[in-house]
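Because the structure is a prediction, the values reported are computed rather than measured.
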Amino acid sequence: MDMVESKAGAIACMMLSLFFLGTFPALLTLVERRGRLPQHTYLDYSITNFLAAVIIALTLGEIGKRSQDSPNFIQQLSQDNLPSVMFAMAGGVALSIGNLLAQYAWAFVGLSVTKVISCSIVVVIGTTVNYFLDDKINKAEILFPGVACFLVAAFLGSVVHSSNMADNKVKLKSSSADSEQSMETKISLILNMVEPTNLESAAYSSRKAKAGTADFLVQLENRRSIKVFGKSTLIGLCLTLFSGVILNVVLFYRPMLNLPKTSFKEYLNDWNGRGWALLAGVLCGFGNGLEFMGGQAAGYAASASVQALPLVSTFWGIVLFGEYHRSSRKTYMLLVSTLVMFTVAVGALMASSGHRHRHRHQARTATF
């Protein structure tokens, strides 16, 4: 199979993976905010994510010289490597369940903060384990300070979320004084899914609000599929901490968070945003593949630097979804501090990368 051997090639793979893995959550969030059921979206995403993995295995996994010590993908299928297969499958299940739960967490906590917290936890656990399993190929004196920076970023991310929620409450309260119909009444109409009938409400719902305003927050709630007003944001934080296709199918018929029940027939007929959901699966699949390829040469602990993907997700959150628009100076300062800490952390993890010799990597090629 084809293997990345140079440090420069490994960094290139990790940077491209960083962009892909930071973009696919934005696409899923975009579809949810346009009102598509997350159960439908996740099934589309899962299909193309699986197909991307198959394409990588049958192309990159088949390139290069074949030998007993370095078999290609097709050869590995007939080998007796059941433990490696089971570990890989367990990792895939964990990744799928995490992405499924994160899809709901994005609605409650926001794209930026969800990725900051979840990615920091991934780095702290995954990088530490990979360092010891991967023959300590990375430079510990650089690697673990980088991990500490991820922990600080996770803490700052939680503080940013609290500050931003406080800003939104102020916006909603101040808006009620500027309207004949109170903001509480507008929110109540949304929670009960009742269309407003008076002229003032009709005018309110038809005009397009500016990002970051109270009207924008309420219009977003009225349009999206996962309703978050009136629910504790603690739900989102818990989902983020524990961020499956089979589980997603169960949610078709037993949905959570008061979402409507659906069926495969409704899923097949739902083309609203399907293209974006399919593209998200492709980006995630190739992003994970590139992360693995980067880890082949630079060490899997260093490849966790792609978990700095909140830098990309935050960019999309601000540009596409108006996150943090018209927030307080305190929130902006905390957000900048969080992103700076992430930048330092990813730099440290990349700087800790070592160089793997091919003969030391023979047992790991089966993961493809």
Exercise for review: Check step by step if side-chain contact (heavy atoms from CB on, under 4.5 Å) holds for K261 and Y253.
Suggested key: CA-CA 5 Å; K261 292 183 179 180; Y253 305 97; 5.6 Å; no

Review point. Checking side-chain contact (heavy atoms from CB on, under 4.5 Å) for the pair N99/Y42: CA distance, chi angles, key distance, verdict?
Key: CA-CA 9 Å; N99 286 337; Y42 191 81; 4.1 Å; yes

Exercise for review: Determine, stepwise, if the pair L43 / F252 fulfils side-chain contact (heavy atoms from CB on, under 4.5 Å).
Suggested key: CA-CA 10 Å; L43 191 53; F252 266 48; 3.9 Å; yes

Exercise for review: Check the pair L100, L251 against side-chain contact (heavy atoms from CB on, under 4.5 Å), reporting the backbone distance first and the verdict last.
Suggested key: CA-CA 11 Å; L100 174 61; L251 294 177; 4.3 Å; yes

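Cluster membership for F132 and L143, using ILVMFWY side-chain heavy atoms within less than 4.5 angstrom, is shared. Note on F315 and L279: same hydrophobic cluster, where clusters join Ile, Leu, Val, Met, Phe, Trp and Tyr whose side-chain heavy atoms are under 4.5 Å apart, directly or indirectly. L278 and V282 end up in different hydrophobic clusters when Ile, Leu, Val, Met, Phe, Trp and Tyr side chains are linked at under 4.5 Å.
The nearest pair of heavy atoms linking W316 to F19 is CZ2-CE1, 4.3 Å. Closest of all the heavy-atom pairs between S328 and S163 is OG-OG, 4.1 Å. Taking every heavy atom of both residues into account, P145 and A140 meet most closely at CD-O, 3.8 Å. Taking each heavy atom of V31 and G273 in turn, the nearest pair found is CG2-O, 3.6 Å. In terms of heavy-atom proximity, A348 sits nearest to G146 at CB-CA, 3.6 Å. When all heavy atoms of G289 and I56 are compared, the pair lying nearest together is CA-CD1, 3.9 Å.
Separating the CG atom in L283 from the OG1 atom in T23 is a distance of 6.5 Å, to the nearest 0.5 Å. Expressed to the nearest 0.5 Å, how far CZ of F264 lies from CD of Q39 amounts to 11.0 Å. Rounded to the nearest 0.5 Å, atoms CD (E32) and CG (L28) are 10.0 Å apart. Within the model, atoms CG of L51 and OG of S46 stand 11.0 Å from one another, a figure rounded to the nearest 0.5 Å. Distance check: L151 CG to L156 CG gives 11.0 Å after rounding to the nearest 0.5 Å. Between R326 atom CZ and Y332 atom OH the span is 8.5 Å, to the nearest 0.5 Å.
Side-chain atoms of S17 do not come within 3.5 Å of backbone N or O of N288 as any donor-acceptor pair. Proximity of a side-chain donor or acceptor of R223 to a complementary backbone N or O of G35 within less than 3.5 Å is not detected.
Between L16 and F286 there is no side-chain heavy-atom pair separated by less than 4.5 Å.
The 12-atom threshold is not exceeded at CZ of F87, counting heavy atoms of other residues, nucleotides or ligands nearer than 6.0 Å. Other residues, nucleotides and ligands place no more than 12 heavy atoms under 6.0 Å from the CZ atom of F50.
Residues in residues 328-349 take part in no salt bridge (charged side-chain N to carboxylate O under 4.0 Å, His left out) pair, two or more places apart or across chains. Under the salt bridge (charged side-chain N to carboxylate O under 4.0 Å, His left out) criterion, the residue pairs touching residues 274-290 are D44-R274, with sequence neighbours excluded.
Tested against K265 for a side-chain contact (heavy atoms from CB on, under 4.5 Å), the candidates N269, T262, L268 yield a single pass: N269.
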Side chains of residues 335-344: which donor-acceptor pairs under 3.5 Å do they make with residues two or more places apart or in other chains?
unit_1 : atom_1 : unit_2 : atom_2 : d
S337   : OG     : M333   : O      : 2.8
T338   : OG1    : L334   : O      : 2.8
T343   : OG1    : L339   : O      : 2.9

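Taking the six-membered ring for Trp and thresholds of 30 and 60 degrees, F24 and Y45 have nearly parallel ring planes, at less than 30 degrees apart.
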